[in-house]
Undergrad: 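Structure below; questions to follow.
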Amino acid sequence: MSLPIACTNGRTADNLWPEKSSGSSSVMVDFATASSNSETNVESTLENTDVWDLETFILWIDVRKCWIEDTVEAEELFAESLTLVPPEEQNSLRRFHFRRDAAQHLASLLLQHLVISQLADVPWVESRVSRTIMGRPFHEQARFDYNVSHHSGRVAIGVRVADQRHIGIDVVDPDDATRNWKPGWIDDFHDIFTESEYAQILRDGKKEIEITKRRLFTFWALKEAYTKAVGIGLVTDLQTIEFSRVEDVDITERPYTRSTICKVNNELIDWRFEVFALEDGLILATATTHEGLFSGGTTKIKKIELDYITKVAVQYHLPITLAPNVV
């Protein structure tokens with residue numbers, strides 16, 4: 001669906017963020033009122049989330065039904081959700097031509113503000129996302145690092161709570177990624193994977209396309225997670241980054257692995273790589289340095305709902321208000 005980034009009932013995206021002056025209206029959007037009346041309060045929801053004291057964790061959200069479906073309800077919910085990000089971010093959403101792209105970007109912003117408000121003790125309305133020269137998002141003066149990724153309507157944020165320690169993540173849906181690819185696409189990655197990696201990917205033969213496809217995108221996700229962690233993205237010679245001992249993951253059989261090792265320019269690096277199999281065939285990979293890690297356990301990964309983010313936003317900042325001219 002083509003995306004007009006404008007709110008329903010004549011509301012524009014610019015005037016929904018709470019103003020710091022006292023002149024704004026006290027009228028609240030509907031979902032904020034609903035959240036404040038919910039039987040499940042924010043405190044108990046936060047306690048159940050059980051991630052904020054961990055040194056590494058991942059939160060992810062599925063926005064396919066709540067924002068992407070071509071329904072009036074999805075349109076209205078998307079418009080209301082825009083009120084949870086500041087005007088400059090609302091404006092950035094206008095560059096997207098398709099609803100899916102805008103929805104994924106909005107979810108990414110909401111996850112970032114959620115993490116910043118909880119870990120940096122910053123009021124939601126004062127939370128701001130900065131970017132490096134390479135476009136990597138971060139929060140200034142934060143004693144934690146985070147990284148975001150999205151694909152096929154699913155959005156994730158990985159967090160590393162430590163000074164000067166970075167984390168990178170990548171999420172990919174192999175079936176959606178290859179939906180319109182021509183036969184023989186598996187031979188188009190020779191500038192990305194080394195001969196050793198290709199041998200591992202194709203160890204069951206090209207005829208086992210489903211297994212091989214998941215394996216290829218597991219390697220791809222690991223490479224992207226690492227390059228995002230070090231802040232270079234994919235603008236590098238990816239064959240200088242070589243993975244081995246990459247186990248297959250499947251949500252019903254082996255949903256998690258941390259056996260992977262990596263060499264960069266033929267030198268073994270002391271990093272922790274994790275691969276998760278999530279619902280609907282989704283693959284998520286993480287990369288972070290071993291240095292400074294005290295826990296030997298699995299990174300906590302939790303799926304959250306839009307309603308949870310809304311409750312946190314409403315609880316921890318001024319009521320979501322509408323400017324007088326839109327009431």
Side-chain angles (χ1 to χ4, degrees), residues 1-19 24-38 40 42 45 59-114 117 124-125 127 129 148-157 171 173 176 179-180 279-280 282 303-315 317-327:
M1 175 180 178
S2 180
L3 173 66
I5 302 295
C7 294
T8 56
N9 300 325
R11 304 173 185 171
T12 63
D14 296 305
N15 53 26
L16 297 181
W17 188 249
E19 298 291 335
S24 60
S25 169
S26 61
V27 177
M28 300 174 66
V29 297
D30 293 341
F31 72 88
T33 303
S35 296
S36 64
N37 294 332
S38 174
T40 305
V42 177
T45 306
L59 301 174
W60 71 285
I61 185 171
D62 186 340
V63 299
R64 289 175 296 178
K65 290 185 177 180
C66 61
W67 288 340
I68 297 177
E69 287 187 347
D70 188 12
T71 64
V72 173
E73 291 79 8
E75 174 78 19
E76 291 178 346
L77 183 57
F78 180 82
E80 290 172 345
S81 299
L82 282 172
T83 67
L84 296 180
V85 299
E88 62 269 23
E89 291 176 356
Q90 296 172 8
N91 290 334
S92 73
L93 292 165
R94 288 195 174 93
R95 74 175 187 267
F96 296 103
H97 296 289
F98 300 104
R99 165 58 60 81
R100 169 178 287 192
D101 297 333
Q104 291 177 150
H105 185 64
L106 177 56
S108 173
L109 291 171
L110 290 176
L111 287 172
Q112 292 175 68
H113 288 297
L114 174 66
S117 68
W124 188 283
V125 291
S127 168
V129 175
V148 290
S149 180
H150 61 76
H151 190 242
S152 189
R154 278 69 61 87
V155 188
I157 185 168
V171 61
D173 181 340
D176 191 61
R179 194 174 307 280
N180 297 316
E279 59 190 55
D280 296 334
L282 206 64
K303 182 180 181 182
I304 60 175
E305 303 296 333
L306 175 62
D307 183 59
Y308 167 73
I309 298 177
T310 301
K311 289 175 182 177
V312 174
V314 172
Q315 176 73 13
H317 78 287
L318 299 176
I320 300 173
T321 59
L322 302 181
N325 63 333
V326 295
V327 176

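For this chain, numbers begin at 1 and follow the sequence in order.
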Undergrad: Just to verify, what does E73 make a side chain to side chain donor-acceptor pair (under 3.5 Å) with, not counting sequence neighbours?
TA: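 Side chain to side chain donor-acceptor pair (under 3.5 Å) check on E73 returns nothing, list empty.
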
Undergrad: Minimum heavy-atom separation for Q104 and R154, please, with both atom names.
TA: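 Scanning both residues, the minimum pair turns out to be OE1-N, 4.2 Å.
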
Undergrad: Minimum heavy-atom separation for L306 to I61, with atom names?
TA: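 That closest heavy-atom pairing would be N-CD1, 3.7 Å.
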
Undergrad: Nearest 0.5 Å, please: how far is CD1 in I304 from CG in D62?
TA: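 These two atoms lie 12.0 Å from each other.
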
Undergrad: So, does S117 use its side chain to make a donor-acceptor pair with the main chain of W124 at under 3.5 Å?
TA: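 Judged by distance alone, no pair lies under 3.5 Å.
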
Undergrad: What pair of heavy atoms forms the shortest contact from R100 to D176, and how long is it?
TA: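 Smallest interatomic distance, heavy atoms only, reads NH1-OD2, 3.6 Å.
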
Undergrad: Under the ring pair (Phe, Tyr, Trp, His ring centres under 6.0 Å) rule, collect the residues that match up with H151, sequence neighbours excluded.
TA: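 With neighbours one apart ignored, the set is empty.
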
Undergrad: Salt bridge check: are R99 and E75 linked by an N-O gap of less than 4.0 Å?
TA: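 Looking at E75 together with R99, the answer is yes, because their closest N to O distance falls below 4.0 Å.
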
Undergrad: Of all residues at least two apart in sequence or in a different chain, which pass the side chain to side chain contact (heavy atoms under 4.5 Å, CB included) check with S108?
TA: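 Applying side chain to side chain contact (heavy atoms under 4.5 Å, CB included) to S108 gives Q112, V148, V155.
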
Undergrad: If you define the side chain from C-beta out and look only at heavy atoms, does anything of V63 sit under 4.5 Å from L106?
TA: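 A side-chain contact under 4.5 Å is absent here.
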
Undergrad: With rounding to the nearest 0.5 angstrom, report the NE2 to CD distance, H105 to E89.
TA: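 Nearest 0.5 Å value for the NE2-CD distance: 7.0 Å.
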
Undergrad: Taking only Lys NZ, Arg NE, NH1 and NH2, and the carboxylate oxygens of Asp or Glu, determine whether R64 and D280 approach each other closer than 4.0 Å.
TA: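 Yes, R64 and D280 are salt-bridged.
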
Undergrad: With side chains defined as the heavy atoms from C-beta onward, is the minimum distance between L84 and H113 less than 4.5 Å?
TA: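 Side-chain contact under 4.5 Å: no.
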
Undergrad: What are the two closest heavy atoms between D173 and S152, and how far apart are they?
TA: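 Smallest interatomic distance, heavy atoms only, reads OD2-OG, 3.6 Å.
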
Undergrad: List for me each residue that meets salt bridge (charged side-chain N to carboxylate O under 4.0 Å, His left out) alongside E88, sequence neighbours excluded, and say none if there are none.
TA: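 Once residues adjacent in sequence are excluded, the partners of E88 under the salt bridge (charged side-chain N to carboxylate O under 4.0 Å, His left out) criterion are R128.
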
Undergrad: Would you check if T310 and L110 make a side-chain contact, meaning some heavy-atom pair closer than 4.5 Å?
TA: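 No - every pair of side-chain heavy atoms lies 4.5 Å or more apart.
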
Undergrad: For the OG atom of S149 and the CG atom of L111, what is their distance to the nearest 0.5 Å?
TA: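 Reported to 0.5 Å precision, the distance equals 11.5 Å.
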
